[in-house]
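This report concerns only the one structure given below.
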Amino acid sequence: MSRNFALSKPLSIFPRISPSTKIQTLNPQPFTDHNLNNPSNINNITFNPETFFTSLLDRSTCRRHLNQIHSQIIVTGLQFNGFVITKFIHLGSNLGEISCARKVFDEFPEPYVFLWNAIIRGYSKENMFSEAIMLYTRMQNMGVGPDCFTLPHVLKACGGAAAFEVGRAVHAQIFRRGFEADGFVQNGLVAVYAKCGRIDNAGMVFERLGDRTVVSWTSIISAYAQNGKPVEALRIFKKMRMYGLQPDWITLVSVISAYADIEDLGQGESCHSCVIRMGLESEPDLRIALVTLYAKCGNIMVAKSLFDEVETCNVIMWNTMISGFAKNGYCDEAIVLFKRMLSKNVKPDSVTVCSTILACAQLGSLEEARKMGGYIDQSEFKTDVFVNSALIDMYAKCGSVDLARKVFDKTKTKDIVVWSSMIVGYGLHGKAHEAINLFNLMKQAGVGPNDVTFIGLLTACNHAGLVEEGWRIFNSMKDYNIEPRHQHYACVVDLLGRAGCLDRAYDFIKKMPIKPGVSVWGALLSASRIYRHVALGEYSAEHLFSLDPYNTGHYVQLSNLYASVRMWSGVARVRVLMKERGLAKDMGCSMIEIKGRLHVFRMGDVSHPRSDEIFKEHKRLDARLKEAGLVADTESALHDLSYEDKEESICNHSERLAIVYGLMSTPSGTTLRITKNLRACVNCHAAIKLISRLENREIVVRDANRFHHFKNGECSCGDYW
DNA sequence: CGTCTACATG
């Protein structure tokens, strides 16, 4: 195939080579603009072009030269040389120029299997899985049979596309063609089934594997880890160690992420030291796993310091840290990190923006949410289903169910998550009829509900007080073959509790097929608090104190219950209990946005620059409220459990300060949006209702649990929360 | 020439 020939003009751009030069001893200098554009050192010499090009293609690292190399290949008549063209396709896909590789592939007349392998590998590497699978099909239609190198690439594509049926078909071919003994192919199959969520199939392939290497074990360990079975994954890891096999770094990635899943910081840390012992600290993917571990275990500072040590982070590292912050409630930090990433010209992907949107949702600032929405709107992500469901959730959680609906309406492909996000959004705001209408539309659109859809519907009924409707919906779950989960039971208890059917709620709990947990007992306690049922409240609280002993909220609820029936001894007992356990009442904290700035208030807070004005205005408003007949419920003033707080006027609660500041600094008629960290207090709730009428303002308050829309002296929660 | 990994919406 090779022949000597005289250099013709276009090749003069290449560096000087003597005819006898062996490829490996070629001038190792990189293929740069300098030697490209400096033809002076090139003369008419002869050489072997095939070896020359294969070597060049092996060494080149610059995508700008691909087209030039291609035209040189054509000039030298090597465009029909299979070796050269295969190398070219390899290089093209390694440099991320898959379309260039494809062009060359398409121009090649002979159906050589290694060319197909190269192009399928390229698409698989570029995550263009369906294209890879299509080419595989076409290859067979053209009568080219796969070899043992084709199959791992195809399997990777099947896994990436989560294409179970295709994967199974490929599995069948593997048998027919006798590749079932190939370890690479087998390990690939385990991974395909794992990524399609078919853990049983993965296990079957693994069981039949005769020669299990570290890679085989890693495949099955990660299969369990990826499918929500971290405990099982770790069990298999121990088994692998018993066989005397040492994990490689990829094994450790899977093991660490399993420990992250079960939030076992201790074991995770020993993996970390193992990583250090093995000298794998600088392996980027391992570091990502470790950052995830520490973030999931709530050790965000350690996660951050591991992140900070990395000089150049890839997108996934950024994503990991951003979502770590967001999930731990460090919303500001997440958003700041996103901005820093943009300023460093790192291109975000859909995962990045999903995590940042989550941070905005948690922050609750509609202003910040709008900015994020604007960014998405002019980005490539505006049609991404993941991103759109995150946006719907964000707008709903930031108080604007209308903006959520706008995103919902313009989302073309509505999957179950998109529908459910919107239904849950309506649920948060107590818009039960809208939620139910949407549920019907969803069914008409041929999308089947899942468990989250029902959580949305039940919370909607709950927050809107539609007890019977909610009960009916709960019972309809079995028609859809959806097993109620803990959350669903909690919604029903809440629902019955709201109606004052405490005994029925208690009966319902007793008949639950699963062990009632925190949210179920929490719902019963909160119903007991509202209907002043001390015995049931105490009973629920007992469960809560043992299940969730460090959650201050439960203690406060019980104390409020005692206070409401003037059982001061009970209030004192709770206070002692809290002190014993080292708990202090969470500081109430409210935020309001004015002109794009977030103003934070705490109880009796005088730190605001306009504090004097605020308190003056506050006093004036208070007088008006009294005049209008508002009587402060002084008994529940004692719901503040610390002695210090008791002296503070209940009127100084943070949400009031935020509202006063909002009234002062916005034109009349503007909707005020407040976010607070705790549940609304009885006094403030009554006061805000009145304020909404007196000042003729809509006031939207997001408390720790739900939204309250105050308007004309009424609240959307119907005074139950 | 290839197999195992990390981040993500309700």
(Q) Between the base of B/dG10 and the side chain of A/N450, is there a donor and acceptor pair under 3.5 angstrom? (A) yes

Q) With a 4.0 Å cut-off, would you call A/E131 and A/R102 a salt bridge? A) yes

Q. Considering only B/dG10, B/dT5, B/dG2, which nucleotide approaches the side chain of A/R121 most closely?
A. B/dG2

Q: Indicate the ring-plane relationship of A/H171 and A/Y193, choosing parallel, tilted or perpendicular according to the 30° and 60° boundaries.
A: tilted

Q | Out of B/dT3, B/dC4, B/dT5, whichever nucleotide has its closest atom nearest the side chain of A/D285 | A | B/dT5

Q: For the pair A/W419 and A/F408, name the ring-plane relationship: parallel under 30°, tilted 30 to 60°, perpendicular over 60°.
A: perpendicular

Q. Choosing from B/dC4, B/dG2, B/dA8, which nucleotide comes nearest the side chain of A/S355?
A. B/dA8

Q: Quick one: sort the A/F454 and A/Y480 rings into parallel, tilted or perpendicular, breaks at 30° and 60°.
A: tilted

Q.
The side chain of A/V253 is closest to which nucleotide in this list: B/dG2, B/dA6, B/dG10?
A. B/dA6

Q. What's the closest nucleotide to the A/I416 side chain, out of B/dT5, B/dG10, B/dT9?
A. B/dG10

(Q) When you compare the ring of A/F184 with the six-membered ring of B/dT3's base, are the centres less than 5.5 Å apart and the planes under 30° from each other? (A) no

Q: With the side chain of A/I316 defined as its heavy atoms from C-beta on, choose the nearest nucleotide among B/dC7, B/dG10, B/dT5.
A: B/dC7

**Q.** Close residues, residues 191-215 of chain A, relative to DNA chain B [heavy-atom separation under 4.0 Å]
**A.** A/A191, A/K195, A/V215

Q | A/D182, nearest nucleotide to its side chain (from B/dT5, B/dG2, B/dG10) | A | B/dG2

Q.
Check this one for me: any side-chain N or O of A/K156 less than 4.0 Å away from OP1 or OP2 of B/dT3?
A. yes

Q.
Just N and O in the side chain of A/S323: are any of them under 4.0 Å from OP1 or OP2 of B/dA8?
A. yes

Q.
I'd like to know if A/T218 reaches the base of B/dC4 with its side chain such that a donor and an acceptor end up less than 3.5 angstrom apart.
A. yes

Q: Check every atom of B/dC4, B/dT5, B/dG10 against the side chain of A/L358 and return the nucleotide holding the closest atom.
A: B/dG10

Q) Between atom CG in A/L155 and atom P in B/dT5, what is the gap in whole Å? A) 12 Å

Q: Considering just the side-chain nitrogens and oxygens of A/Q186, establish if one lies under 4.0 Å of OP1 or OP2 belonging to B/dT3.
A: no

Q | Nucleotide B/dT3, atom P - distance to CD1 of A/I221 in whole Å | A | 19 Å

(Q) B/dC7, OP1 or OP2 - any side-chain N/O from A/K327 closer than 4.0 Å? (A) no

